[in-house]
Amino acid sequence: MKIPSLSIAFILIFLTVNTDIFAMNPDSSRRVPIPEKDSVLRHVVLFKFKVGTPDQEIEKVVASFVSLKSRIPQIVSLEWGINNSPESLDKGFTHCFFLTFRSEEDRDAYLPHPDHKAFGEILGPILEDVLVVDYWAN
């Protein structure tokens, strides 16, 4: 079967353009796509509070965290919620906060921001554990 020259040219262009978005997976010989960065960076924070922490103290922490959105301009959006999963895999983490940043630089400006540090002072005495995950959205 003879392949028209135009088809060969198209295939070569496709392979040339798409080679840059693939990398070898070090754990296998399969090629896996490298995720391209979305225009936003996600910052997920989970809290486990100390046993016996009064609800009003937790509510104070939530209000303080939510107020960071209006005080730190690098935060594009902030949402939060209380775990209600029926799977019982939460390991005691009850509160999830989901922040969005436009760049790693914006996230890096948020971390040492004085209002973020002041929030940590409110949180610290009642915090049992924290889990933080940052990722570029796909």
* Do V66 and V76 share a hydrophobic cluster, counting only Ile, Leu, Val, Met, Phe, Trp and Tyr and linking them when any side-chain heavy atoms are less than 4.5 Å apart? -> no

* Structure fact -> residues 128-138 vs salt bridge (Lys or Arg N to Asp or Glu O under 4.0 Å), sequence neighbours excluded, gives R107-D134

* Hey, could you give me the CD1/OG1 distance between I82 and T94, rounded to the nearest 0.5 Å? => 7.0 Å

* Considering non-hydrogen atoms only, spot the tightest contact between Q74 and F101 and give its length. => O-CD2, 3.2 Å

* **Minimum heavy-atom distance between C96 and V44, given as atom pair plus value** => SG-CG1, 4.0 Å

* To do: Can you see which heavy atom on L111 is nearest to which on K117, and at what distance?
  => O-CE, 3.9 Å

* To the nearest 0.5 angstrom, please state how far the CG atom of N83 sits from the CZ atom of F93. => 11.0 Å

* To do: Following the transitive rule for hydrophobic clusters with a side-chain heavy-atom cut-off under 4.5 Å over Ile, Leu, Val, Met, Phe, Trp and Tyr, establish whether V130 and Y135 coincide in one cluster.
  => no

Run the side-chain donor-acceptor check on residues 50-62: report pairs under 3.5 Å with partners two or more places apart or on a different chain.
unit_1	atom_1	unit_2	atom_2	d
K50	NZ	P125	O	3.1
T53	OG1	K50	O	2.6

* Asked: Can you list the residues that meet the ring pair (Phe, Tyr, Trp, His ring centres under 6.0 Å) rule with F119, with sequence neighbours excluded?
  -> F65

* When rounded to the nearest 0.5 angstrom, what distance separates CG in D90 from CG in L131? -> 12.0 Å

* State the CG-CZ distance between L68 and F97, to the nearest 0.5 angstrom. => 9.5 Å

* Asked: Which pair of non-hydrogen atoms, one from I122 and one from S64, has the smallest distance, and what is that distance?
  -> CD1-OG, 3.5 Å

* Structure fact -> When every non-hydrogen atom of V40 is compared with those of W136, the smallest separation belongs to O-CE3, 3.0 Å

* Asked: Can you hop from L46 to L99 via hydrophobic side chains spaced under 4.5 Å?
  -> no

* Asked: Using the ring of each side chain (for Trp, its six-membered ring), is Y110 parallel, tilted or perpendicular to H43, with breaks at 30° and 60°?
  -> perpendicular

* Structure fact -> Between R42 and T100, the two heavy atoms sitting closest are NH1-OG1, 2.9 Å

* Asked: Going through the checks in order, is the side chain to side chain contact (heavy atoms under 4.5 Å, CB included) test met by F49 and L123?
  -> CA-CA 9 Å; F49 294 102; L123 173 66; 3.8 Å; yes

* To do: To the nearest 0.5 angstrom, please state how far the NE2 atom of H116 sits from the CD1 atom of I75.
  => 8.0 Å

